[in-house]
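Chain letters run A, B, ... following the sequence lines, proteins first, then strands; residues in each count from 1.
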Amino acid sequence: MRRGRISERWWALLGRFGLTQQRWGSWPAWMRRLVKATTWLGLGLILTAAFGTWTTSALAVAAVVLLIVVPPWDRLPNIGPYRTGRWIPWLIALGFVVAYPYYVNGLPQLPVFGPFPNVHTMVVAGIFTMMALGLNFVVGYAGLLDLGYVAFYAMGAYVCGWFASEQFAGQHIDVGAVGLQQGWIGIHLSIWLVLPIAGLMTALIGVIIGLPTLRLRGDYLAIVTLGFGEIMPQVADNGNNLGGFNLTNGTGGITSIDGPGFGHGTVARALHLPASYLGAGNLDSLFFWTVIVLVLITIFCSARLRDSRLGRAWIAIREDETAAAAMGIPLMRTKTWSYATGAFFGGVAGAYYSSYNGGAFPDQFLFQISVFILCMVILGGMGSIPGVMLGAWFLAYLDQEGLSNVGGWINSHFNTNINVPNYEFGIYGLIIVVVMLLRPEGLIPSSRRAAELHEGVHDEPLYDVEELNAPLTEPTV
Amino acid sequence: MSGEPLLQTFALRKEFGGLVANNDVDFVVPEGGIVSLIGPNGAGKTTFFNMLTGVYKPTDGTIVFNGEDMTGKPPHAYTERGIGRTFQNIRLFQNMTALENVLVGMHTRLKSHLVGALLRTPHVRREEREARERARELLEFSGLRGKDSVVGRSLSYGDQRRLEVARALATRPKLLLLDEPTAGMNPQETAEFTAFVAKLRSQEHLSVLLIEHDMKVVMGVSDTITVLDYGEKIAEGTPAEIQKNERVIEAYLGSAAVSS
């Protein structure tokens, strides 16, 4: 309704300049696209120029956007069952993401936000994207509020520490690890093995945590998950002496975790795959490309599961638990699956992060991280894959670079001396409050979720309250 | 028309604190029968329903369905064995489409799981395709042709009721429990619905247990009627017998029902 009225006003305005809606409609589609895309880009470029940061590379960016947006890709014939037209723009976009490390240094400065994020930031943002998509299984699909997601991140990181460092010096196991020095000790599995192992072990922890807690509803579940999120770092902190056994190396954390790599095998050499990431000159780029693959896998699983029998059951539980149970959905089992799936991706992301960092330290796994990831999901739009990705990328970027860049800009322009990153969580809180006020369904909402937030969710306690209360008002003798 | 007992309860009892909501109710639904449960508000009808679907655990007594002791099993077990239900206050998945609602109802009859869904194996694909086909048939059977992709909350009230039944039918029940299905319907919709229930028995060979306040529906469609009052079964019998029963008239029907 409201949208209709706004566009009517626009058309009235444009009509005065001779561009009526009929005339617009009579143009060929590619021309309309071209005009639309150029208008927006033009506006963007003018704004950029107004801030005095105009370069030729800005034009290059503009050209790329035009290439993706303008041609009528969706008219391409399908190849077999695959809708070519739908995929090509995404593939082009993916190509540019993959090539990011090559042209990042040539990109123009943005107003306020300063330079484009560097590759290191992009790696971290990718890892957080994966975690946010993992949490989205629990919060977005099944509608269970989890305030302890950091526990899964921690679990993944420590699994990576156990299986790919010198933590267990008494052991002497090596399966495909790269970059080992002479006289190495401990368990060293290839990171490619450790990632799925970490995922599976974390999923197992998810099941163990889930079984007692998922019986609870709403607020109670949130409180218990919060508790588990707090327990995990405590265990990590104090796990250096579990009956004499050093599991986590206490506050020192597990250090010198192996990096990924493909070794010196013939296949790796033939494909020009790097022998060891840590030894390579373009370390960040390698980690960046790998995290792209991991994120793509996560997206794939998110989409496939959402559209499956299991995904339908999750959404049904979110919509109305009682009705879902009456339709034959086993609540505990289905919720536990969502928890385990979310935990799996949290674990893989955690393991990958600790391999990138080269260590797992208990002070990484604070409650703030749980909230941080939850913010990403809420900001982007619960249940929506592109939304969650955008939310995750944006908040991770702010955390890594954005806030200090913005802070620098503020300080130099207003002659102040504010340490903006200090107010990090206050700023996130503010962002969330503003988004909740203006766009409660998130930046890119899933269609379903948007409807829920505007219409209100049908959620009642398992017991019919009327049935319990009504007879109680009768006089009891 | 009615055969072996399909659902039986023995001395089924539910207490909420000191309050006895259902006091040792013995009850039978025969195979192929349509049984109604009537009684004044607060008589414990919905509580009884909730025990028959596993939402409440009985304080005491036994529920036997199709020869199997079901007492204390979780709700999804009841659905698996073949008890489908609708709710007194419509509980559709409001933001899922009609088709998705029915597909959720098929949950127990489908097999695909995590790995299958991820790999989308040929088996899973076929199952999904067949499920969608069957869901469309069910929607058509329930009078919702062409409303596949309408979300629950956008359907009209009557259609929402129909969708609830379609969803319950999707669980492939042997026994269908309907909790005040005609509440809020106009006389014409009610008449259509009554015919629909009769059709369910004749075409789908279902047994039906009905909670209903509309005496026209109850008297028109039921084989037997059970009357609850203050959690106790006060009468049981054919519609004609119930209409003459004095305790029932006193507790619930009133004298108007007798004359009609």
Q. Are any of the side-chain heavy atoms of B:H107 and A:P330 separated by less than 4.5 Å?
A. yes

Of the listed B:I83, B:T53, B:V104, the one with the largest count of heavy-atom pairs under 4.5 Å with chain A is B:V104

Contacts satisfying ring pair (Phe, Tyr, Trp, His ring centres under 6.0 Å) that involve residues 291-342 of chain A (not counting sequence neighbours) are A:F137-A:W314, A:F152-A:Y339, A:W337-B:H113

The interface call for B:T171 against chain A, heavy-atom contacts under 4.5 Å, is side chain

If you tally heavy-atom pairs under 4.5 Å between each of B:A131, B:S112, B:G54, B:G105 and chain A, the highest tally belongs to B:S112

The reported gap from CZ in B:R85 to OG1 in A:T322 (rounded to nearest 0.5 angstrom) is 9.0 Å

Turns out that what part of B:F87 lies under 4.5 Å from chain A's heavy atoms comes down to side chain

Quiz prompt | Short side-chain to backbone donor-acceptor contact, B:R167 and A:M327, under 3.5 Å | solution = no

What one should report as the nearest heavy-atom pair of B:L118 and A:R304 is O-NH1, 2.7 Å

Whatever's closer than 4.5 Å to a heavy atom in chain B on A:R333 counts as side chain

For B:E250, I'd like to know if atom CD has over 12 heavy atoms of other residues, nucleotides or ligands within 6.0 Å.
no

Using modelled atom types and a 3.5 Å cut-off, is there a donor and acceptor pairing between side-chain atoms of B:Q94 and backbone atoms of A:E319? no

The interface call for B:L114 against chain A, heavy-atom contacts under 4.5 Å, is both

Between B:R91 and A:D320, does a side chain to side chain contact (heavy atoms under 4.5 Å, CB included) hold up when you go through it step by step?
CA-CA 7 Å; B:R91 303 193 81 141; A:D320 187 332; 2.9 Å; yes

Between B:T108 and A:G328, is there a donor-acceptor pair closer than 3.5 Å when you use the side chain of the first and the backbone of the second? no

Distance col, row A:S308:OG vs B:R120:CZ, nearest 0.5 angstrom, shows 8.5 Å

Around atom CH2 of A:W192, are there more than 12 heavy atoms of other residues, nucleotides or ligands at under 6.0 Å? yes

Is the number of heavy atoms from other residues, nucleotides or ligands within 6.0 Å of OH (B:Y157) greater than 12? yes

Residue from B:P75, B:A21, B:G84, B:A170 scoring the most non-hydrogen pairs under 4.5 Å with chain A is B:P75

request  = Find out whether A:R312 and B:L110 are in side-chain contact, i.e. whether some heavy atom of one side chain is under 4.5 Å from a heavy atom of the other.
outcome  = yes

